[in-house]
Amino acid sequence: MTFTQVYNKLLKHYGHQDWWPAKTSFEVMVGAILTQNTAWTNVERAIARLESRACLTPQAILDAPLSELTECLKPSGYFNLKAQRLRNYCQWYINAGELPCLSCIDTDALRKQLLMVNGIGPETADAILLYAFERPVFVIDAYTRRIFSRLKLLAGDAPYEVLQDQFETGLQTDVAVFNEYHALIVCHAKDACKKCPGCIDCCLSYICPSCKR
DNA sequence: TACCAGGAGAAAA
DNA sequence: TTTTCTCATGGT
C-alpha cells in the first residue's frame with residue numbers, strides 16, 4: 001500500500017475532518033502548544049478559559065499575571081510548563097512581527113525560528129506551520145509512527161525528519177492534503193480498537209495481532 | 001486503580 | 001549520543 005492509497009481509504013472511511021478546530025490562526029498556535037501530550041478535550045477547556053478572560057491574544061498572554069495564566073491552563077495539564085512555553089512563544093511571535101511579517105518568510109527559515117523557541121519541538125512547530133501558516137509540511141506524531149510502522153510503510157523508530165521526508169516525497173506537495181491526512185490519522189487512531197491501543201481497524205485491511213479483530 | 005492523551009527539554013547514563 | 005525522567009489534569 002502507498003501513502004496515497006492509505007489517504008484515500010481513510011478519507012473515504014471518515015470523510016473530511018475540517019481541521020484545525022480554531023477560530024483564528026493564533027488560536028491554532030495556542031492549541032498546538034497546549035495539546036502537547038494532552039487530550040484535545042482538555043485543551044478546549046483551557047482555550048475557553050483564556051477566551052473568557054480575554055487572554056487569547058499574544059500581548060494579553062504576556063500581560064496576564066502568571067497565576068491567572070496557569071489558572072486558565074490547568075485543565076490542559078502541565079500548566080506551569082505550558083504557561084512558560086506559551087509566553088516564550090508569544091514573545092517570539094510579537095518580536096517577529098506576527099502573521100503579516102512571518103508570512104513573508106521562507107518555510108525552512110520559519111521552521112528553524114520556531115524550533116529555537118523553548119518549548120516548541122518538531123511536532124508542535126510543524127503543526128503551527130501547517131495549520132496556522134498553511135505551509136506544506138507533514139506533521140509526524142506518535143499515531144503516525146504507530147500506524148505506518150504497522151503498515152510497514154515506515155520505520156517507527158526513525159528520526160522525526162526522516163519520517164517527515166518519506167511522507168513528503170511519497171505525496172504530492174499540497175497543504176490541503178497534508179492538513180487532511182494528519183487529521184485523518186488522528187481520527188483513525190482514536191477510532192481504532194479500544195481494547196488494543198494502537199491497533200488499526202479494518203478500514204486499512206489490517207488485523208490486530210493482539211485482539212485478532 | 002491504572003493508563004493514556006494530538007511532546008519537549010533537562011538530566012543522567 | 002542515547003535513554004530516562006519530569007511536567008499534571010481529566011477521561012475511560
Side-chain angles (χ1 to χ4, degrees), chain A residues 7 10 14 16-22 25-50 66-93 111-133 135 137-150 154-164 167 178-200 208 210-211:
Chain A
Y7 174 74
L10 289 173
Y14 296 107
H16 291 284
Q17 299 301 302
D18 194 27
W19 267 33
W20 184 289
S25 55
F26 180 69
E27 191 179 316
V28 172
M29 300 168 197
V30 171
I33 293 167
L34 298 187
T35 199
Q36 291 171 355
N37 208 31
T38 302
W40 181 254
T41 51
N42 296 337
V43 175
E44 286 180 321
R45 289 196 191 90
I47 289 176
R49 287 195 187 198
L50 288 170
L66 190 58
S67 58
E68 187 176 352
L69 189 55
T70 55
E71 189 60 33
C72 290
L73 302 186
K74 272 192 177 176
S76 71
Y78 306 104
F79 49 84
N80 290 317
L81 196 60
K82 287 177 179 176
Q84 190 54 57
R85 288 181 179 178
L86 209 46
R87 281 186 163 184
N88 293 343
Y89 182 82
C90 290
Q91 191 63 68
W92 166 80
Y93 188 59
R111 189 173 193 271
K112 283 177 184 171
Q113 283 199 36
L114 283 167
L115 291 174
M116 289 176 70
V117 179
N118 188 293
I120 306 296
E123 184 179 337
T124 305
D126 289 336
I128 291 171
L129 284 169
L130 177 61
Y131 292 103
F133 289 99
R135 304 300 179 97
V137 295
F138 202 91
V139 181
I140 302 293
D141 61 7
Y143 292 154
T144 309
R145 288 179 183 274
R146 197 162 65 201
I147 292 169
F148 287 85
S149 64
R150 289 192 177 209
L154 295 176
D157 57 350
Y160 185 97
E161 278 76 12
V162 171
L163 299 182
Q164 185 178 49
F167 257 96
F178 288 3
N179 176 321
E180 192 73 71
Y181 208 156
H182 178 239
L184 285 166
I185 288 168
V186 174
C187 174
H188 170 70
K190 289 178 176 175
D191 188 44
C193 177
K194 301 294 185 290
K195 290 181 180 176
C196 178
C199 97
I200 296 170
C208 173
S210 298
C211 65

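Residues meeting the salt bridge (charged side-chain N to carboxylate O under 4.0 Å, His left out) test with A:Glu71, sequence neighbours left out: A:Arg49, A:Lys74. For A:Gln36, the side-chain hydrogen bond (donor to acceptor under 3.5 Å, both in side chains) partners are A:Arg85, A:Thr124, not counting sequence neighbours.
Nucleotide C:dG11 holds its C1' atom 13 Å from the CD atom of A:Glu44, rounded to whole Å. Here C:dC7 presents its C1' atom at 10 Å from CZ of A:Phe79, a figure rounded to the nearest Å. Atom NZ in A:Lys82 sits about 12 Å away from atom P in C:dG10, given to the nearest Å. Taking atom CH2 of A:Trp40 as the reference point, atom C1' of B:dC4 lies 18 Å away to the nearest angstrom. The distance from atom CG of A:Leu73 to atom P of C:dG10 is 12 Å, rounded to the nearest whole Å. Put simply, NZ on A:Lys74 is 10 Å from P on C:dA8, counting in whole angstrom units.
Dashed line: the shortest gap from a side-chain N or O of A:Arg45 to OP1 or OP2 of C:dG11 is under 4.0 Å. Dashed line: the shortest gap from a side-chain N or O of A:Arg146 to OP1 or OP2 of B:dA5 is under 4.0 Å.
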(message) One character per nucleotide, please: for nucleotides 7-13 of chain B, 5' to 3', B when the base has a protein heavy atom closer than 4.0 Å, S when only the sugar-phosphate does, - otherwise.
(response) BBSS---
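Using P as the reference atom, C:dC5 and B:dC3 are 15 Å apart when rounded to the nearest Å. For C:dA8 and B:dA11, the P atoms lie 16 Å apart once the distance is rounded to whole Å.
The list of side-chain hydrogen bond (donor to acceptor under 3.5 Å, both in side chains) pairs with a residue in residues 75-84 of chain A, not counting sequence neighbours, reads A:Asn37-A:Tyr78, A:Thr38-A:Lys82, A:Gln84-A:Asn88. Note on residues 31-41 of chain A: no pairs pass salt bridge (Lys or Arg N to Asp or Glu O under 4.0 Å), not counting sequence neighbours. For residues 25-47 of chain A, the set of pairs meeting the salt bridge (Lys or Arg N to Asp or Glu O under 4.0 Å) definition, not counting sequence neighbours, is empty.
Applying the ring-ring contact (aromatic ring centres under 6.0 Å, His included) test between A:Phe138 and each of A:Tyr131, A:Tyr160, A:Phe178, A:Tyr7 identifies A:Phe178 as the sole match.
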